[in-house]
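To keep things clear, I will list the structure first and then write my remarks on it.
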Amino acid sequence: MMKTVKKIMALVLMLSMVLSVASINVWATEGTPLFLGSGTEADPYLISTSADLIALANETNKPAADTEYEDKYYKITQDINMSGVTGFYGIGRKESVTTSEGTTTYGYTSANTNFKGTIDGDGHIISDLTIDRTNNTGANGIAALVVWPSGATIKNLGMYNVTSKGGSGSNSHVGAFAGRGKVTIENCFLKGTVTLTAQKTSYKTGGFIAAYDSGSVVKNSYILPNGIAIASMNGSGKTITYTNVYWKANASSMPSGSTNVFSIQSGRYWATDASYETKTVDVTSLSAFATASNGAFEADIYEINNDYPVLAWENDFLSGGSGTEADPYLLATAEDLVTLSELTNKNTDAYNAFDSAYYKLTADIDMAGIEGFLGISPMRNEETGAFSNTGSFKGVLDGNYHTISNMTANASNAAGYSALVPYAGGCTIKNLGLINPVLTGDTRAGFACCRMGGATIDGCFVKGLAYISSSETQYAFTAYKNANIRITNSYCTDNGIGAYQGDSGTLAAEISNVFTWNGGISTYANVYNNNLNSVDDNRSVEKTNAFIAASNGAFEKPNGVDSTKPVLWWENTGVYMEMDHAEQAVSLENRQHIIPNGVLIVAAYTSAEEMQEVVYFKNLSELSIGEYDTVTVNYDLADGATRYKAFVWSSLDELVPLCASEAYPPAA
């Protein structure tokens with residue numbers, strides 16, 4: 001058996017390598033990758049660490065004859081903190097280097113030898129960057145992230161806390177983003193403590209560009225530290241364009257063609273008719289600025305800029321999406337859940353949209369070690385800590401067949417509700433599992449505590465539910481006088497935990513296809529309950545099988561094995577089938593076999609255990625199967641095969657059939 005599994009694993013690995021499109025590695029020296037990617041617009045070099053930034057700076061500090069990295073595309077894949085990093089002197093600096101073989105003079109020779117590539121921050125931040133070139137006495141002591149741009153582009157990048165010090169030689173200009181040359185700055189910001197130090201008053205300083213050449217552009221960008229200019233002119237007659245820009249410094253002169261530019265300190269607004277208008281600098285006028293930016297800026301709904309407009313990508317605090325049914329907000333990490341809790345804990349117009357938006361998990365989330373989580377729509381007063389029912393969650397939370405584990409929801413206040421969704425008001429929670437939640441406070445709920453009334457919970461489970469402090473009866477799904485509650489296709493495995501608490505039969509509730517261990521069920525259909533004195537109070541295999549059969553595919557035996565505890569269909573992530581050798585097709589029924597983003601493999605065998613070859617390989621997500629659809633896929637017969645076996649993996653990362661074991665094949 002295990003030899004068979006290993007053979008399948010080997011073939012899966014080969015297939016995955018053939019079918020996937022991998023990034024190309026660039027090699028600094030033989031056997032040592034420098035950057036992932038190929039440097040094209042479609043497949044940029046990836047910059048992920050401070051070491052990557054230093055490597056890029058070193059590779060672009062080369063003689064004119066060595067320009068391999070000067071015109072390539074780069075993308076930053078995560079926030080990079082440069083605290084404590086020394087030895088970063090800027091990208092494309094062209095600085096003379098002395099080695100044991102002698103001195104190589106790189107130096108600025110022409111625009112064609114300087115950096116003209118594209119750096120895409122992809123919505124990330126470089127923080128605590130120090131560039132110290134005070135020891136440079138030559139003609140190129142410029143200090144900036146990109147020293148010598150020649151038509152370069154820097155976009156979608158934030159810089160926070162920058163110290164930049166120039167040299168003492170001629171033209172030692174000092175900037176944060178760019179030094180001297182032609183550059184486009186787009187969708188960028190400069191925040192925090194920023195110090196730009198030039199050693200002579202004749203040297204230029206600028207937050208985005210220290211000394212610009214003609215054709216430079218700054219658009220959809222801003223600078224918050226007080227007194228830092230956007231850019232300075234490099235000689236007379238140079239041209240630059242500003243569009244959708246604000247900064248906290250005096251506006252003296254504005255380049256021709258600039259539009260929607262706001263100097264906060266002076267309160268002057270550059271109008272579209274190429275004239276200054278003096279405006280009052282307040283939230284209202286800055287909101288008008290954001291509106292005029294055509295979507296580049298948005299209101300500061302997360303209060304990260306003290307109500308000054310933020311770039312649109314700064315409001316993307318979650319892992320993606322826009323909150324609509326077609327494009328839900330994506331939740332991939334514990335941090336996403338904490339952020340969602342904060343967003344829905346504000347009853348203001350700017351935040352109300354989050355209460356009724358669509359959300360979808362894209363991965364299993366472990367909340368271990370996360371303290372202070374209040375749940376989604378906790379409605380807790382941030383100043384007093386007291387809870388209120390002034391708002392509720394009315395959105396859709398789609399677990400997307402994932403789980404949230406080790407969640408601690410703390411509601412120690414006597415008026416508090418401890419749950420994933422403490423206050424629900426017509427919300428839907430579906431296809432989600434809670435594992436080992438710890439709920440503390442004066443109430444009891446696993447998913448939703450619906451005092452506001454109305455919640456649908458479908459395709460969900462609670463396992464390992466624990467309560468540290470609760471003065472009332474414990475319930476897995478909803479609690480405290482729930483109106484219009486609908487719980488379907490769900491279960492809780494913990495002894496003594498009921499499904500929901502009603503209100504003396506006066507409030508409507510629909511309970512169907514529910515497996516639980518305690519009371520609290522009044523009107524229901526196909527409810528398997530250990531402690532109810534009803535026809536379903538027996539945990540025998542026969543009763544379990546009857547419950548499964550009546551659930552219309554919602555529940556199954558775990559991987560086809562008899563059990564007194566049924567599982568939801570989507571928990572059966574491994575499928576094993578054996579077909580007669582004459583068959584040339586395998587049929588999958590979604591409710592039983594289809595795994596979101598799963599992989600199907602059909603293997604030919606020459607005996608019961610000896611695999612011959614894989615004759616079919618398919619990513620199930622490509623089949624576009626509906627929830628109740630059945631699909632048939634065909635495969636070619638292999639010479640000499642006596643039988644075929646089909647395996648379904650949850651993904652290519654799962655290299656062992658999830659239902660395979662020493663007891664192989666599984667019991668029917």
Side-chain angles (χ1 to χ4, degrees), residues 21-29 31-62 66-95 114-133 142-164 175-179 181 183-192 208-209 221 311 313-314 316 319-320 333:
V21 179
S23 294
I24 299 172
N25 287 334
V26 173
W27 304 91
T29 59
T32 304
L34 181 58
F35 305 118
L36 291 176
S38 57
T40 65
E41 184 173 9
D43 185 31
Y45 291 141
L46 303 183
I47 306 298
S48 303
T49 64
S50 58
D52 288 340
L53 277 180
I54 292 174
L56 177 56
N58 292 338
E59 290 301 318
T60 54
N61 184 37
K62 295 291 182 69
D66 189 354
T67 59
E68 178 181 358
Y69 295 96
E70 304 295 348
D71 58 353
K72 297 299 190 293
Y73 290 82
Y74 301 86
K75 182 168 73 173
I76 297 175
T77 63
Q78 62 185 13
D79 293 348
I80 298 177
N81 184 272
M82 299 288 285
S83 177
V85 174
T86 58
F88 179 81
Y89 301 113
I91 298 166
R93 65 186 182 274
K94 302 300 178 185
E95 180 181 26
N114 295 322
F115 186 76
K116 44 189 175 289
T118 295
I119 298 176
D120 183 359
D122 197 32
H124 294 294
I125 299 172
I126 297 175
S127 59
D128 300 316
L129 175 66
T130 296
I131 307 169
D132 189 348
R133 307 199 70 198
I142 299 174
L145 176 67
V146 176
V147 175
W148 285 99
S150 299
T153 295
I154 306 173
K155 62 182 182 179
N156 308 319
L157 178 64
M159 293 186 72
Y160 187 86
N161 292 348
V162 177
T163 299
S164 189
F177 278 80
V183 63
T184 294
I185 307 290
E186 181 178 1
N187 290 324
C188 294
F189 69 71
L190 181 62
K191 297 182 187 180
F208 287 131
I209 314 171
S221 300
L311 295 173
W313 62 261
E314 290 184 88
D316 296 334
S319 289
T333 66

(message) Ring-plane angle category for Tyr74 and Phe115, please: parallel below 30°, perpendicular beyond 60°, tilted otherwise.
(response) tilted

(request) Compare all side-chain heavy atoms of Val147 with those of Ile131 and state whether any distance is below 4.5 angstrom. (result) no

(request) Measure the spacing between CZ of Phe189 and CD1 of Ile125 and express it to the nearest 0.5 Å. (result) 4.0 Å

(request) Tell me, please, which residues at least two apart from Thr163 pass side chain to side chain donor-acceptor pair (under 3.5 Å). (result) none

(request) Using the test salt bridge (Lys or Arg N to Asp or Glu O under 4.0 Å), find all partners of Lys191 that sit at least two apart in sequence or belong to another chain. (result) Glu314

(request) State whether the number of non-hydrogen atoms from other residues, nucleotides or ligands found under 6.0 Å of Tyr160 atom OH is greater than 12. (result) no

(message) Any heavy-atom pair between the side chains of Ile80 and Asp52 that's under 4.5 Å?
(response) no

(message) What's the separation between atom CG in Asp120 and atom CD1 in Ile154, rounded to the nearest 0.5 Å?
(response) 11.5 Å

(message) Donor-acceptor check, side chain of Thr60 to backbone of Gly92, threshold 3.5 angstrom: yes or no?
(response) yes

(message) Measuring from atom CG of Asp71 to atom CG of Asn114, what distance do you get when rounded to the nearest 0.5 angstrom?
(response) 12.0 Å

(message) Within this structure, what is the CZ-CG distance for the pair Phe88 and Leu56, rounded to the nearest 0.5 Å?
(response) 7.5 Å

(message) Please check: side-chain N/O of Trp313 versus main-chain N/O of Asn187, any donor-acceptor pairing under 3.5 Å?
(response) yes

(request) Could you tell me which residues satisfy side chain to side chain donor-acceptor pair (under 3.5 Å) with Asn81, sequence neighbours excluded, listed by chain and number? (result) Ser127, Asp128

